Protein chains: 2
Amino acid sequence: MTISPGTPQRTFPQVSPAKASFKAHMRQVREDAIVEAANRLLAEKGFDLMTVDEVAAEVGIAKASLYKHFTSKEDLAAAAMLRLLTRAQALLASLPANARPLEQLKAVLRWMLQLQLAGDMPALPSQNSSLRLALMAHPVFPDQLRQLGAQIGGWIAAAQQDGSLNPRLPADVVLYILYARACDPVLAFLKAGGRYGDEVLAELVLAACFEGLNAR
Amino acid sequence: MTISPGTPQRTFPQVSPAKASFKAHMRQVREDAIVEAANRLLAEKGFDLMTVDEVAAEVGIAKASLYKHFTSKEDLAAAAMLRLLTRAQALLASLPANARPLEQLKAVLRWMLQLQLAGDMPALPSQNSSLRLALMAHPVFPDQLRQLGAQIGGWIAAAQQDGSLNPRLPADVVLYILYARACDPVLAFLKAGGRYGDEVLAELVLAACFEGLNAR
DNA sequence: GTCTATAGCCAGATAGAC
DNA sequence: GTCTATCTGGCTATAGAC
């Protein structure tokens, strides 16, 4: 649906719909810029070390303006995490539906590894914190997360069924192992070492995860 | 070497050697208690969320007293990390020397997993921080870490030589993958789920790491 | 809605009596 | 060396002018 000037987009009265939608658009663009900056800083420093001042400075706005968009630091970080979930679901939707389930799982992990190597994987604190509570209380995040887990879980079950994934590992263990690779410090360590390029590194970790450390 | 009363243990003059060594002993005991409390809190909340007040409260001393032992929060955490390294080297020394190298590696990983499940694995922030700098500048930590890495690295090379470990994975990648399991959030997640006991959980993650997710 | 300025709080570190 | 009391700085969040 496109927005044409002069066409009211909402049911409640507006003095000038065109101008109103333009302002709403601008607001959305700014908000996206804020979330993107927060995402980058979450990937770089994590929630605790990231400051709201930094986010505002990176976007080029005042901190008080940022608080007109998000009521708290937790709220801002939750928006970044939700953006991650949305991107993940977009990736899943873009995968060929007829591929083997094991290949789907590898594609998901590869995407997460590349995101982390690009410095775009927001990191939440592994311990309990205010951020966890905010995410659990979020209106849509938990539901989106469950939906994502269900889709990946379906591939896990299918891969175990067709004999390509170890059937002795419980499905939830496999799912969490995949999720955990998203914040695996191995990538950051080895990337800092500088001995491997991003593509090689991602394939090495991918292989180690699926094929294991043992010789075959 | 035992310390007998009246026998000077140091070359510099002391008014009362017995009393001095007693006091030194008491000081050491207190210091150990502080480090142990810090270790537990680092495992529970991580460096950023742990406060020096909490550590002092857990030991039952005033914060100012704690600062007589450690000059900073980073210094305290570094002592906890060094304690971990020392415990790791004690474990390595306790392993049977004639075991196959792959079994040595599995024993090390199993020990790390059990430590984490017991809430005794101090966690340092994965991102760059003041703690990293303190650890790098520590008088003995980096050397001990290198020593540990060399010993484990020897087993990795041997296991690749005897055909039990995948020779296509570079040794440093294998080493970091093992290290990273020490702070793997998979254990905490699944433990919180309550579906698996500690022993089962450790064996599941151990198997997934060495044998991989793929079916064999 | 954007800004500057500031309130309020919390945690690391220290002063100074005993 | 241990304590109580305090300093200091940084960060979240808000007030209030425009």
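Below, chains carry the letters A, B, ... as their sequence lines are ordered, and counting in each starts from 1. Only a predicted model underlies this, so the values are computations on that prediction, with no experimental measurement involved.
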Subject >> Residue A:Y67, side-chain heavy atoms: nucleotide from C:dG12, D:dT14, C:dC3 that is nearest >> reply: D:dT14

Original post:
B:E54 CD to C:dA11 P: how many Å, rounded?
Top reply: 8 Å

Original post:
Is A:K68 near enough to C:dG1 that one of its side-chain N or O atoms lies under 4.0 angstrom from OP1 or OP2?
Top reply: no

Original post:
Which atom pair, heavy atoms only, marks the closest approach of B:S130 to B:E74?
Top reply: OG-OE2, 2.7 Å

**OP:** Check the distance between D:dG10's C1' and B:K73's NZ and give it to me in whole angstrom.
**Re:** 13 Å

**OP:** Map A:A64 and A:V52 onto DNA chain D by nearest heavy atom, then report which one ends up closer to the 5' terminus.
**Re:** A:V52

**OP:** Specify the separation, in whole Å, of atom CG of B:D53 and atom P of C:dC9.
**Re:** 17 Å

**OP:** Measure from NZ on B:K63 to C1' on C:dA11 and round the result to the nearest Å.
**Re:** 6 Å

Original post:
How is B:S65 classified with respect to the nucleic acid when contacts are heavy atoms under 4.0 Å: base, sugar-phosphate, or nothing?
Top reply: base

**OP:** Report the distance from atom CG of B:L49 to atom C1' of C:dG12, rounded to the nearest whole Å.
**Re:** 15 Å

**OP:** Indicate yes or no for a side-chain donor-acceptor contact from A:K73 to the backbone of A:L131 under 3.5 Å, with no hydrogens or angles considered.
**Re:** no

**OP:** Report the nucleotide, chosen from D:dT4, C:dG1, C:dC3, that has the shortest atom-to-atom distance to any side-chain atom of B:A62.
**Re:** D:dT4

Original post:
For C:dG1, does OP1 or OP2 lie under 4.0 Å from any side-chain N or O of A:R30?
Top reply: no

Subject >> d(CZ, B:F22; C1', D:dG1) in whole Å >> reply: 14 Å

Original post:
Can you tell me if A:D143 and A:Q147 form a side-chain donor-acceptor pair at under 3.5 Å?
Top reply: no

Original post:
Given atom CG of B:D48 and atom P of D:dG10, what is their separation to the nearest angstrom?
Top reply: 16 Å

Subject >> Worked check of side chain to side chain contact (heavy atoms under 4.5 Å, CB included) between A:R195 and A:L190 >> reply: CA-CA 7 Å; A:R195 311 241 307 250; A:L190 288 173; over 6 Å; no

**OP:** For B:Q28 and D:dG1, give me the distance from atom CD to atom C1', rounded to whole Å.
**Re:** 16 Å

Original post:
Looking at B:H69, does any N or O in its side chain come under 4.0 Å of the phosphate oxygens OP1/OP2 on D:dG1?
Top reply: no

Original post:
With sugar-phosphate meaning primed atoms plus P, OP1 and OP2, does A:M26 contact a base, only sugar-phosphate, or nothing at under 4.0 Å between heavy atoms?
Top reply: nothing

